Amino acid sequence: MRMIRITLCIIAVAITVLAATPSFAQTPTPGYNYPIPAKVMTPDRVETRIGTLEFFDGRPHEETVEKLYDNLLHIRGVETFLSGIPATSIEGLRLGHLDLGVDASHKVVVFDKLADSAPLFLTANTDTVYASAFLNLEKDGPTVIEIPANCGPGTVNDAYFRFVIDMGVPGPDAGKGGKYLILPPGYQGDLEGPIGGKAAEIDGQTYFVVKSPSYVNWLILRGFLVDGKPDAATAMFKQGLKVYPLANASNPPKMEFTSGSQRFWNTVHANNYEFYEELNHVIQREPVSFLDPELRGLFASVGIHKGKPFDPNARQKKILTDAVAVGNATARAIVFQPRLEGVQYYPDSKWGTAFIGGDYQWLADNGKGGRNLDARTLFFYQATVNTPAMVLKMVGKGSQYAYITTDKDGDYLDGGKKYTLRIPANVPAKDFWSVVIYDPQTRSELQTSQPFPSKNNKRDNLVENEDGSVTLYFGPEPPAGKEHNWIQTVPNKGWYPLLRLYGPLEPWFDKTWRPGEFEPVN
């Protein structure tokens, strides 16, 4: 009897415990033996930002299926725009060079009269002499670039606007000039070419060797003004710059230079459906290894697939046309109203950095946060040239930048209004500082009656205040007696400026020196 009572007690306790568990205490979900957590279930009707989605037992209705696939294409189309900007921006530059007849690596665009506001060129500066060329490593194979001594900052970027190697002052030649050898993707040989370059001896001469991930590469060099004029830098490039296939080293082609100044030509990528066609051309031309599978898969999801025609049907084209409009609008929100952590240079200031995170690869927290995609968009939608020299602390070398899109009150800068900007004394720039203003539509120099919408402390006869500071004036008309410090704007148009420091010094990096804010003038 005692054993029976013990057994009955154990059974009673077990029943009590089981009854207390959720699966026994709750009513089973209809159609199931157990109560299924609501978080894993899909209701028969769901309201979303793309409309009502309808299901039968988790299976989407036919109309919902169509709606979801259209939405997926739209999402991928927007992301393709935002992630494809680096590639199409380089492609836009290449197409612009072709329009000038610059169709081979030994042909160079030189801004012999500086970069004025005539061409469409993303945030070009008015302060240095550009020399610009495109390499075709698929056609030419390993290609040599000889740069002259005293060349300013120069860079080679690949067809996705990734850094390949620096030249000139921030490069391995350290401003002394030298020979660079750019190897194509798929190169098989004895030479080693890590990104950033490695010195190697070839036929008794030293080359800085690097292997590019792409066939197309952009070479962009800068030359400094002498006595405020571009003549010396122009002569330096025309006499000392050489680009040729290594195979033709004994008989290189004669260099050809074309002026890019004082003429209209476009280097800016499309912001409509044509964007996808520009991107498709890049994908078809470059090797598979050019991009990682994740990015290549994104582009393929909208029909941009290497080895296949890009030929969306009417429905798909309509969706992609809308997607590129949303992508373009999103990029503009990121640039002109940035909400990214780390974009502000100073507390309580509207000045921002285009290199958020201090990394030319836009890696967040040393890679722990992956790639900051919005930070990459913020840069490439408005700017060109990707190099560590524009990011790293290189006191007295390279360059540093800050941009601003609003006045001190947070309002967009209006071309019909007047503003002042105070540049405090002792600007920490060994070479020069400048302020250039740009058109928010084209992100190129604002076109006014001034060919150079800018001021440069070495080129312009700026009037200083008693304390050594400089006050700049912005508006449709110059204030009386302030003409030397005035930059013209256009009524009914917006504008925004970039501040540049070439050869930045310590007070820039430790932020003990900072520019003023844009002050509206009543």
Side-chain angles (χ1 to χ4, degrees), residues 72-73 75-95 97-98 103-105 134-143 155-165 181-198 209-219 245-247 269-270 273-312 316 320 323-324 327 360-363 367 370-371 373 376-377 380 386:
L72 183 60
L73 179 59
I75 291 171
R76 297 274 171 77
V78 171
E79 288 297 335
T80 290
F81 179 86
L82 296 174
S83 295
I85 288 171
T88 58
S89 189
I90 280 279
E91 182 65 3
L93 281 159
R94 189 185 71 86
L95 294 174
H97 283 62
L98 292 180
D103 56 4
S105 60
F134 273 86
L135 310 184
N136 186 340
L137 302 179
E138 184 178 31
K139 174 177 176 288
D140 296 337
T143 297
T155 304
V156 171
N157 284 162
D158 78 356
Y160 193 67
F161 245 130
R162 291 172 298 207
F163 171 70
V164 175
I165 194 169
L181 179 62
I182 316 299
L183 304 175
Y187 165 82
Q188 299 292 324
D190 297 331
L191 295 172
E192 295 181 21
I195 294 298
K198 181 178 180 180
V209 183
V210 65
K211 182 179 178 181
S212 172
S214 64
Y215 295 131
V216 163
N217 287 259
W218 183 37
L219 166 66
L246 180 63
H269 64 77
Y273 177 81
E274 192 176 339
F275 174 93
Y276 299 113
E277 295 173 339
E278 292 173 352
L279 180 60
N280 180 62
H281 185 82
V282 176
I283 295 302
Q284 300 304 331
R285 182 190 63 221
E286 298 295 341
V288 172
S289 59
F290 166 58
L291 296 175
D292 65 75
E294 194 80 15
L295 196 56
R296 190 175 288 279
L298 171 63
F299 299 159
S301 71
V302 301
I304 299 174
H305 186 294
K306 185 172 177 64
K308 294 184 179 181
F310 176 58
D311 188 25
Q316 293 167 331
L320 289 176
V324 76
Y360 73 97
Q361 300 178 90
W362 291 275
L363 296 178
R371 198 179 312 280
L373 302 178
R376 184 177 66 184
T377 296
F380 283 115
N386 182 12

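By convention here, the first residue in the shown sequence is residue 1. Please read these numbers as outputs of a predicted model, since none were measured by experiment.
Residue pairs satisfying the side-chain hydrogen bond (donor to acceptor under 3.5 Å, both in side chains) criterion with at least one member in residues 84-95, sequence neighbours excluded, are listed as follows: Glu91-Arg94, Glu91-Arg285, Arg94-His281.
Taking both residues in full, the closest heavy atoms of Val210 and Val164 are given as CG2-O, 3.4 Å, listed atom of the first, atom of the second, then distance. Nearest approach of Ser214 to Leu137, heavy atoms of both residues: O-CD1, 3.6 Å. For Ser289 against Arg296, the heavy-atom pair with the smallest separation is N-NH2, 4.5 Å.
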Using residues 298-311 as the side-chain source, report each donor-acceptor pair under 3.5 Å to any protein atom, sequence neighbours left out, with the distance given to one decimal.
from	atom 1	to	atom 2	distance (Å)
Ser301	OG	Leu298	O	2.5
Lys306	NZ	Gln284	O	2.7
Lys306	NZ	Glu286	O	2.8

Listing, residues 182-198 side-chain donor-acceptor contacts under 3.5 Å, not counting sequence neighbours, or none:
from	atom 1	to	atom 2	distance (Å)
Tyr187	OH	Asp190	N	3.4
Tyr187	OH	Leu191	N	3.3
Glu192	OE1	Lys198	NZ	2.8

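A search for side-chain hydrogen bond (donor to acceptor under 3.5 Å, both in side chains) contacts involving Glu79 returns nothing, not counting sequence neighbours. With sequence neighbours left out, the ring pair (Phe, Tyr, Trp, His ring centres under 6.0 Å) criterion links Tyr215 to no other residue. Every residue two or more places apart in sequence or in another chain that forms a side-chain hydrogen bond (donor to acceptor under 3.5 Å, both in side chains) with Ser105 is listed here: Asp140. By the side-chain hydrogen bond (donor to acceptor under 3.5 Å, both in side chains) test, Asn136 pairs with no residue at all, sequence neighbours left out. Residues passing the salt bridge (Lys or Arg N to Asp or Glu O under 4.0 Å) test with Arg76: none are found, sequence neighbours excluded. By the ring pair (Phe, Tyr, Trp, His ring centres under 6.0 Å) test, Phe81 pairs with Phe275, sequence neighbours left out. Qualifying side-chain hydrogen bond (donor to acceptor under 3.5 Å, both in side chains) partners for Asn157, counting only residues two or more places apart in sequence or in other chains: none.
The distance from atom CG of Leu73 to atom CD of Gln316, rounded to the nearest 0.5 Å, is 6.0 Å. Between the OH atom in Tyr276 and the CG atom in Leu320 there is a gap of 5.0 Å [rounded to 0.5 Å].
Using a distance-only test at 3.5 Å, with no hydrogens or angles considered, a donor-acceptor pair links the side chain of Asn386 to the main chain of Phe161.
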